[in-house]
**Student:** 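One structure follows; several queries about it will come next.
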Amino acid sequence: MHIVIIEDEPVIRQELKQLLENALYQVTAPEEFEDVAFFVLEKDPDLVLLDVNLPGESGYDICSRIRAKSEVPIIFVTSRTDSMDELMGMLKGGDDYITKPFQLPILLARIAAVLKRAKRSVKEESIKLQHKGVELDVARGKLGYEGCWIDLSKNEIKILHLLFLKKGEIVSRADMVEYLWDQQVFIDDNALSVNMTRIRGKLEEIGVHGLIETKRGMGYRI
């Protein structure tokens, strides 16, 4: 597995590089940060560790640029501890958010969990699922309604796939988190809310309103 580290503090960069190499990952850690999003896309790694505070572009902007062309897993590793910073990271497309100083075993465990999620393919009963005129094309990663289509991220596909398979049923938040991320201890429950907000926004972009019901204290249903 190849991991790219985007970190401007030399001591932390070297520490992370050594830790990951000892764990038998292939590691690339650039020391220049001009057009680093292009650098990541060119290297095509299995995962990116991305600092937020960088010279030039912020990690959030870099994440957005990467997300425009790639679904490579991105973990923010940063000294910013405010909950709004974490929320911003998830909204920009981050898969996890780890604050410094971090415990090395926990960091390795969370990297392994994100890589496992990325590697696990969605197992669908059919390539295309439909409900109330909305079509989910899992194979293409697209959502369609009345001829309008929009792209979905991997987590968005998984969430909708689960809801479509269980249409008419309430899917609990706990079951959804476990389905998406395997290890609930490694993920903030807020991450699911962020993904649901993005899905609803995309549904509205193609003219769909109210498809996903929130059943307070219970979960979600379509």
Side-chain angles (χ1 to χ4, degrees), residues 63 67 71 73-76 81-99 106 109-146 148-222:
C63 182
R67 273 289 165 268
E71 286 297 324
I74 297 173
I75 299 178
F76 285 102
T81 58
D82 189 274
S83 60
M84 290 306 296
D85 289 313
E86 182 172 356
L87 178 61
M88 177 65 76
M90 303 306 289
L91 288 171
K92 292 292 186 179
D95 295 271
D96 204 347
Y97 191 100
I98 301 173
T99 56
I106 296 299
R110 292 175 77 160
I111 288 172
V114 170
L115 285 170
K116 181 180 179 181
R117 296 198 303 267
K119 189 174 181 180
R120 185 180 65 189
S121 61
V122 177
K123 295 179 175 62
E124 66 272 20
E125 291 182 359
S126 66
I127 294 176
K128 295 180 181 179
L129 301 171
Q130 293 186 347
H131 185 59
K132 295 182 178 178
V134 180
E135 185 173 350
L136 175 65
D137 190 329
V138 177
R140 294 169 58 222
K142 290 182 177 292
L143 189 68
Y145 180 70
E146 295 185 348
C148 296
W149 291 88
I150 196 163
D151 292 325
L152 300 170
S153 71
K154 289 179 181 177
N155 280 342
E156 291 163 359
I157 295 168
K158 289 179 181 179
I159 289 171
L160 285 168
H161 180 251
L162 182 60
L163 289 172
F164 269 69
L165 290 180
K166 295 181 176 290
K167 56 190 175 185
E169 302 177 26
I170 297 172
V171 182
S172 72
R173 290 179 63 89
D175 286 346
M176 194 168 287
V177 168
E178 184 174 2
Y179 175 74
L180 287 169
W181 292 295
D182 297 323
Q183 299 287 340
Q184 295 185 48
V185 69
F186 292 140
I187 211 72
D188 189 319
D189 185 63
N190 188 52
L192 177 58
S193 297
V194 170
N195 277 277
M196 293 303 296
T197 298
R198 292 197 328 223
I199 288 172
R200 284 185 165 124
K202 290 186 175 183
L203 282 165
E204 290 178 0
E205 285 185 45
I206 58 173
V208 180
H209 303 274
L211 177 70
I212 302 174
E213 295 180 66
T214 298
K215 307 299 288 185
R216 190 170 297 277
M218 301 176 69
Y220 301 99
R221 178 176 65 188
I222 65 169

**Student:** Suppose we screen for side chain to side chain donor-acceptor pair (under 3.5 Å). Which residues come up paired with Y220, at least two apart in sequence or across chains?
**Tutor:** R173

**Student:** Please identify each residue that fulfils side chain to side chain contact (heavy atoms under 4.5 Å, CB included) with I206, with sequence neighbours left out.
**Tutor:** L143, Y145, C148, I150, V208

**Student:** So, do K167 and E169 sit near enough that their side-chain heavy atoms are less than 4.5 Å apart?
**Tutor:**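 No, their side chains stay 4.5 Å or more apart.
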
**Student:** With sequence neighbours left out, write down each residue that passes salt bridge (Lys or Arg N to Asp or Glu O under 4.0 Å) with K142, or none if nothing qualifies.
**Tutor:** D151

**Student:** For R200, which residues count as a salt bridge (Lys or Arg N to Asp or Glu O under 4.0 Å) partner, sequence neighbours excluded?
**Tutor:** none

**Student:** Among residues at least two apart in sequence or on other chains, which ones pass side chain to side chain donor-acceptor pair (under 3.5 Å) with E204?
**Tutor:** none

**Student:** Is there a side-chain contact (heavy atoms from CB on, under 4.5 Å) between M196 and I159 once you walk through the steps?
**Tutor:** CA-CA 8 Å; M196 293 303 296; I159 289 171; 3.6 Å; yes

**Student:** Which heavy atom in I157 sits nearest to a heavy atom in G141, and how many Å separate them?
**Tutor:**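 Closest heavy-atom pair between I157 and G141: CD1-CA, 3.5 Å.
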
**Student:** For F164, which residues count as a side chain to side chain contact (heavy atoms under 4.5 Å, CB included) partner, sequence neighbours excluded?
**Tutor:**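 With neighbours one apart ignored, the set is L129, H131, V134, L136, L160, I222.
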
**Student:** What residues, two or more places apart in sequence or in another chain, satisfy side chain to side chain contact (heavy atoms under 4.5 Å, CB included) together with Q130?
**Tutor:**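 With sequence neighbours excluded, Q130 shows a side chain to side chain contact (heavy atoms under 4.5 Å, CB included) to E135, given in chain and number order.
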
**Student:** Name all residues meeting the side chain to side chain contact (heavy atoms under 4.5 Å, CB included) criterion together with R67; count only those two or more places apart in sequence or in a different chain, and write none if there are none.
**Tutor:**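 R67 satisfies side chain to side chain contact (heavy atoms under 4.5 Å, CB included) with C63, E71, V72, I74, D95 only.
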
**Student:** Atom CD1 of I75 and atom CZ of R110: how far apart are they, to the nearest 0.5 Å?
**Tutor:** 7.5 Å

**Student:** Give, for atom CD1 of I106 and atom CD1 of I111, the distance between the pair rounded to the nearest 0.5 Å.
**Tutor:**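 Between atom CD1 of I106 and atom CD1 of I111 there are 11.5 Å.
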
**Student:** State the CG-CD1 distance between D175 and I170, to the nearest 0.5 angstrom.
**Tutor:**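 These two atoms lie 12.0 Å from each other.
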
**Student:** Counting C-beta onward and ignoring hydrogens, is there a side-chain heavy-atom pair between R221 and L163 closer than 4.5 Å?
**Tutor:**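 The answer is no, as the side chains (C-beta and beyond) never meet within the 4.5 Å cut-off.
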
**Student:** Is it the case that the side chain of R198 and the backbone of M90 share a donor-acceptor pair, with hydrogens and angles ignored and the cut-off at 3.5 Å?
**Tutor:**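 Checking the backbone N and O of M90 against the side chain of R198, a donor-acceptor pair under 3.5 Å is found.
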
**Student:** Could you work out, with side chain to side chain donor-acceptor pair (under 3.5 Å) as the rule, every residue matching K202, not counting sequence neighbours?
**Tutor:**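 Partners of K202 under the side chain to side chain donor-acceptor pair (under 3.5 Å) test: E156.
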
